[in-house]
Amino acid sequence: MKLYNTLARKKEEFIPANGNNVSMYVCGITAYDLCHIGHARSSVVFDVLFRYLRFKGYDVTFIRNFTDIDDKIIKRANEVGKDTKEIAEQFIGEFYVDMDKLAVLRADVEPKCTEHIAEMIALTTRLIEKGNAYSTLSGDVYFKVRSFEGYGKLSGRNIDELESGARVRPGDEKLDPLDFALWKNAKPDEPSWESPWGMGRPGWHLECSAMSEKYAPLPLDIHGGGQDLAFPHHENEIAQSEADTGKPFANYWVHNGFVQINSEKMSKSIGNFFTIRDILDKFLPETLRYFLLTMHYRSPLDFSFDALEEAEKGIKRIYSALAQADVELTKSKWKKSPFPEELITELAEIEKHWNEAMEDDMNTAGALGHVFSAIRLAGRVSEDKNLRKSEGGRDLFTRIKADMAAWGTVLGIFECDPVEFLTELRDNRAARAGIDPAKVQGLLDARKEARANKDFEKSDAIRDELAAMNVEVKDTPTGATWDVQ
RNA sequence: GGCGACAUAGCCAAGUGGUAAGGCAGAGGUCUGCAAAACCUCCAUUCUCCGGUUCAAAUCCGGAUGUCGCCUCCA
């Protein structure tokens, strides 16, 4: 497949360094608060990449870390009077609650920063020995940015330009304003660990280098994260790891685009952010996941509840088609009537296009477009009285269902029973619209009786009453069903 | 100020050299007691604008305009 490599600034053919084995490291969350939609996007994007690589037959080692010690966690812990470990554990738990709902798979290795202090100290020691880092009198250790030749290659930054913009804080003991902390000496009331430089704690960038080296042979095949991590976080990781090992750190750098609100970056400092919980109070998790996949992973994605409702219509239509295919397939007798070859060809084309879209830098938006082509094809066959009863029709429905199952496994959607999903979706929408399902059912029963008596005037009056409640009635051969308008 | 991304129909959105996927909304039709769903048909001679390269450009190059991001914690 092709992947856009931030390092090369273009799409490149993805070739793993070790044959069938693929290593993938993605920067996970800092556990100090509930996850927002941006976390959802990043998690879902790399989950699909993980799933797709496995689908293609690679033996993937997926590493996603948790940052469980950091300024923000300390701040939060102080605010609520807990220790940092409690805070981190609490929000790692909340992360799993959200991610399980969104069908984000667990990574193979989910290392925590505080469980790798020894590795980080060892790495820092090596960097000092190699002349890439230095300790200060107060017990900080800094990475000497100018000692690493490739600094800036990932984010396209020039070291001298960075220098001119770098801020110098009072009291800094850095030899150069660009230098960044590997180890911070302990301040009072902060968690700290023993080190050759005294009590202290690791700098943020260090954990990813130390844990990557521990859990995968370098170079990593894929290193991912949100776009904003490219600089300085990933740039610093490269400096640390490459200075240490002399090997390239990662071959393919994959960065997902941001979630925006009204075309503006969603961020805590602006205050325009939604947590995953905010969304799941109103919408099904699969609606959110589907929505996130309707845009290419590198594009900015503008979030709104209106856009989510539109996505909901899309996923509803797909599940409706799956339900219809199930209905068709309940038949026990199939006719040996002729079946047009071009419909088979059309499905084969759709399968090919789906594949091409995913191969081309994981284009889930394009792939979903082809999903609709497949369900429209199924719809056309089920509409034709002869075709839907033929063995050819049966085979086509069966094949489309198999395709949808395979695609669904990769995308992490369409995996529910269609009828159950549609019922769940309807109840979800009803709850959002403030509709009482019991009341609807009562009116539906009354309408059924009126219809049995051929009292269509009353029947239609009830339909109007339901319509006024934003409920639409559908008459089917097996009775009336309802949905939210 | 430095670096970078993006600009496609009413809206959302694929598409990196070969003549504009898909979804939503809208119009007409089939079906239906009436509806709904589903299906069929229609809905961008054109991709922000101006130049250039090419037999051929939404796609490549230059410029303009606009929007956004990174350069500080951030997915």
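If you're wondering where the values come from, they're calculated on a predicted model, not measured in any experiment. Each chain gets a letter, A, B and so on, in the order its sequence line appears, and its residues count up from 1.
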Value in whole Å for how far the [atom2] atom of [N] lies from [atom1] of [X]:
| X | N | atom1 | atom2 | result |
| --- | --- | --- | --- | --- |
| K385(A) | rU30(B) | NZ | P | 14 Å |
| R463(A) | rA37(B) | CZ | P | 11 Å |
| D302(A) | rC6(B) | CG | C1' | 13 Å |
| M362(A) | rA14(B) | CE | P | 13 Å |
| L292(A) | rA75(B) | CG | C1' | 12 Å |
| F66(A) | rA75(B) | CZ | P | 13 Å |

For [X], what residues pass the side chain to side chain contact (heavy atoms under 4.5 Å, CB included) criterion, not counting sequence neighbours?
| X | result |
| --- | --- |
| E383(A) | none |
| E79(A) | K75(A), R76(A) |
| D176(A) | R146(A), E163(A), L178(A), D179(A) |
| T330(A) | none |

Would you measure the distance from the [atom1] atom in [N] across to the matching atom in [M] and give it in whole Å?
| N | M | atom1 | result |
| --- | --- | --- | --- |
| rC24(B) | rU19(B) | P | 26 Å |
| rC47(B) | rA14(B) | C1' | 13 Å |
| rC11(B) | rA44(B) | C1' | 14 Å |
| rG15(B) | rG22(B) | C1' | 11 Å |

Close N/O contacts between protein and nucleotides 62-67 of chain B (under 3.5 Å):
none

Below 6.0 angstrom between ring centroids: does that apply to F91(A) and Y32(A)?
no
Can you tell me the Watson-Crick or wobble partner of [N], both distances under 3.5 angstrom?
| N | result |
| --- | --- |
| rU72(B) | none |
| rA5(B) | rU67(B) |
| rC24(B) | rG10(B) |
| rG18(B) | rC55(B) |

Please identify each residue that fulfils side chain to side chain donor-acceptor pair (under 3.5 Å) with [X], with sequence neighbours left out.
| X | result |
| --- | --- |
| N386(A) | none |
| D445(A) | Q441(A) |
| S390(A) | none |

With sequence neighbours excluded, what pairs up with D98(A) under the salt bridge (charged side-chain N to carboxylate O under 4.0 Å, His left out) test?
R277(A)
Base, sugar-phosphate, or nothing: which does [X] touch, judged by heavy atoms less than 4.0 Å apart?
| X | answer |
| --- | --- |
| Q260(A) | sugar-phosphate |
| R447(A) | base |
| S299(A) | sugar-phosphate |

Every protein N/O within reach of nucleotides 15-24 of chain B N/O, cut-off under 3.5 Å:
from: rG15(B); atom 1: OP1; to: N363(A); atom 2: ND2; distance (Å): 2.9
from: rG23(B); atom 1: OP1; to: R376(A); atom 2: NE; distance (Å): 3.2
from: rG23(B); atom 1: N2; to: E310(A); atom 2: OE2; distance (Å): 2.8
from: rC24(B); atom 1: OP2; to: R317(A); atom 2: NH1; distance (Å): 3.3

Using 30° and 60° as the class boundaries, would you call the ring planes of H223(A) and W253(A) parallel, tilted or perpendicular?
parallel
Parallel under 30°, tilted from 30 to 60°, perpendicular over 60°: which one fits the rings of Y151(A) and F231(A)?
perpendicular
Can you list, in residue-number order, the parts of residues 37-50 of chain A that come under 4.0 Å of RNA chain B, counting heavy atoms only?
G38(A), H39(A), S42(A)
Per-pair distances, 0.1 Å, donor-acceptor, side chain in residues 36-44 of chain A, under 3.5 Å, sequence neighbours excluded:
from: H36(A); atom 1: NE2; to: H39(A); atom 2: ND1; distance (Å): 3.4
from: H39(A); atom 1: ND1; to: H36(A); atom 2: N; distance (Å): 2.9
from: R41(A); atom 1: NH1; to: G257(A); atom 2: O; distance (Å): 3.0
from: R41(A); atom 1: NH1; to: F258(A); atom 2: O; distance (Å): 3.1
from: R41(A); atom 1: NH1; to: S299(A); atom 2: O; distance (Å): 2.7
from: R41(A); atom 1: NH2; to: H296(A); atom 2: O; distance (Å): 2.9
from: R41(A); atom 1: NH2; to: Y297(A); atom 2: O; distance (Å): 3.4
from: R41(A); atom 1: NH2; to: S299(A); atom 2: O; distance (Å): 2.7
from: S42(A); atom 1: OG; to: N256(A); atom 2: OD1; distance (Å): 3.3
from: S43(A); atom 1: OG; to: H39(A); atom 2: O; distance (Å): 2.7

